[in-house]
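So that the names make sense, note that chain A is the first sequence line, chain B the second, and so on, each numbered from 1. We use all heavy atoms of the structure for the numbers below, so side chains are in, but hydrogens, waters and symmetry mates are not.
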There are 2 protein chains.
Amino acid sequence: MSLRYALLALLNVEPMTGYDLYKQFESSVGYVWHAPDSQIYPELRRMERDGLLQGEEVPWGTKGRKRQYHVTDAGREAFRTWVNTQLDYPRERDPIHLKAAYLEWAEPEAARQQLQAHIEHYGARLLQWQQKIEEIDGGTSDMLNRRLATVPDVDHQRVAAFKRFTYEGLTARAEQEIAWARRGLALVDSLYP
Amino acid sequence: MSLRYALLALLNVEPMTGYDLYKQFESSVGYVWHAPDSQIYPELRRMERDGLLQGEEVPWGTKGRKRQYHVTDAGREAFRTWVNTQLDYPRERDPIHLKAAYLEWAEPEAARQQLQAHIEHYGARLLQWQQKIEEIDGGTSDMLNRRLATVPDVDHQRVAAFKRFTYEGLTARAEQEIAWARRGLALVDSLYP
DNA sequence: CGTCTCATGTAAGGAGTTACATGATTTA
DNA sequence: TAAATCATGTAACTCCTTACATGAGACG
């Protein structure tokens with residue numbers, strides 16, 4: 001259900017086509033929420049059916065057409081309700097930690113490789129998220145700048161602050177995961193001298 | 001696909017029925033991986049069909065019957081392969097952080113409540129996970145003790161160490177989430193004086 | 001003229017949730 | 001004997017993944 005609100009969030013800034021949204025999910029917003037095109041296009045149609053979006057056919061080139069969606073009042077209201085509503089926390093279900101509990105079954109070398117991969121995975125994410133923070137601080141974030149253009153100056157600080165807060169949480173998580181995996185590597189070394 | 005290996009992990013310790021496994025997922029193991037009965041029973045049948053488990057009808061009371069599953073050689077081999085194989089990391093998809101990025105749309109009070117709920121959610125998890133660590137350290141973990149009974153003494157330390165390592169990662173994550181939400185509360189206070 | 005990007009889909013299947021359904025056994 | 005626990009399912013639905021499919025426009 002979050003996909004719906006991720007789409008509303010992006011379309012609140014400006015009208016876009018499914019493809020525009022798909023690209024956003026591949027890059028910027030995709031570092032917080034990812035969705036493939038095969039999920040985006042049907043969801044946009046459902047959202048229009050439910051009255052949250054209004055689509056408009058616009059010409060593209062001489063023969064081409066594309067469908068641009070903008071958020072309706074009902075859509076803005078639904079989004080506002082979502083941000084104000086407590087969401088349910090899913091039950092725990094983490095493949096990495098599940099496997100970590102049974103690493104005594106693994107070859108030491110395989111255990112090391114997987115912990116190393118964990119470090120690399122979160123290392124790459126960390127760089128991306130840190131870069132987002134730098135963009136926010138430097139005022140070079142395209143998406144944020146477009147969003148800021150639609151709100152009064154007095155609210156700019158607030159809008160930017162929550163974006164920064166989000167990426168701070170993600171970088172802290174990444175750092176924690178890296179630290180944990182490093183402790184895991186040390187543990188493997190100590191158990192298999 | 002992880003459900004399959006969570007089930008194998010539990011059945012590696014001793015044969016169990018679907019209901020036994022369901023209870024484990026409701027309590028102990030459930031703090032790392034949860035699954036409802038409606039997912040467990042069909043998966044057990046699929047695993048038997050695939051030769052990873054062997055089920056056996058055992059009488060229960062006078063008229064009742066239950067099906068007890070034990071892991072086959074193929075099942076143990078599949079589990080060993082799983083722990084040795086690098087798993088794919090899913091793309092980022094986190095409803096909490098997605099929403100955090102748009103908290104400027106929320107009422108300050110609603111924002112506070114949701115951050116508070118985040119603290120309470122991870123606070124409760126933290127206690128559960130810390131308790132698991134204490135059980136491991138104190139030798140009072142039922143599941144771990146049964147598992148240790150099946151391996152040579154020299155491996156005991158190793159088996160326990162990885163269980164502890166898992167819960168250390170989860171507690172560190174919980175503490176990080178709590179710290180993040182606390183910063184969020186301070187941020188809301190500073191933005192809406 | 002070929003390749004990359006833009007643009008929009010369908011189809012099959014896996015994983016998980018929620019709700020519904022049934023009956024035996026044990027225990028207070 | 002009523003309630004809790006043990007035991008095992010089905011059915012409908014949502015969400016997501018992977019793969020397949022097609023065609024126009026832009027650029028070099």
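Atom pair A:L3:CG and D:dC15:C1' shows a separation of 9 Å (rounding to whole Å applied). Atom pair A:H34:NE2 and D:dC16:P shows a separation of 11 Å (rounding to whole Å applied). Note: CG (B:D88) to C1' (D:dC16) measures 15 Å, nearest angstrom. Between the CD atom of B:Q39 and the P atom of D:dT14 there is a distance of 17 Å, rounded to whole Å. Separating the CZ atom of B:F25 from the P atom of D:dA7 is a distance of 16 Å, rounded to the nearest angstrom. Rounded to whole Å, the distance from CG on A:D50 to C1' on D:dT14 is 14 Å. The distance between atom OH of B:Y22 and atom P of D:dT5, rounded to the nearest whole Å, is 11 Å. Taking atom NZ on B:K63 and atom C1' on D:dA7, their separation rounds to 15 Å, with Å as the unit.
Taking the charged nitrogens against the carboxylate oxygens, A:E104 and B:K163 do have a contact shorter than 4.0 Å, which makes a salt bridge. Electrostatic pairing of A:R112 and A:E109 counts as a salt bridge here, judged by a charged N lying under 4.0 Å from a carboxylate O. Under a 4.0 Å N-O distance rule, the pair A:E14/A:R147 does not qualify as a salt bridge.
Ring-centre distance between A:Y89 and B:H118: below the 6.0 Å cut-off.
B:Q68 meets the side-chain hydrogen bond (donor to acceptor under 3.5 Å, both in side chains) test with no other residue; sequence neighbours excluded.
Between B:Y19 and D:dA7 there is no side-chain N or O to OP1 or OP2 distance below 4.0 Å. Between D:dT18 and B:R91, no contact under 4.0 Å exists linking OP1 or OP2 to a side-chain N or O.
When each of B:R93 and B:Q68 is assigned the nucleotide of DNA chain D bearing its nearest heavy atom, the one mapping closer to the 5' terminus is B:Q68. If A:G18 and B:R46 are placed on DNA chain C by their nearest nucleotide, the residue sitting closer to the 5' end is A:G18.
A:E92 places no side-chain N or O within 3.5 Å of a backbone atom of B:W33 that could act as its donor or acceptor partner.
Annotation: side chain of B:L7 is in contact with side chain of B:F25 (closest heavy-atom distance under 4.5 Å).
In this pair, B:F79 and B:Y5 present their aromatic rings tilted. The plane angle is within the 30 to 60° band.
Interface limits on DNA chain C: the 5'-most and 3'-most nucleotides within less than 4.0 Å of chain A heavy atoms are C:dT5 to C:dT17.
Put simply, B:L11 and B:L144 are part of the same group of oily side chains (I, L, V, M, F, W, Y) that touch within less than 4.5 Å, one to the next.
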Every protein N/O within reach of nucleotides 10-13 of chain D N/O, cut-off under 3.5 Å:
unit_1	atom_1	unit_2	atom_2	d
D:dT10	OP2	B:R45	NH2	2.9

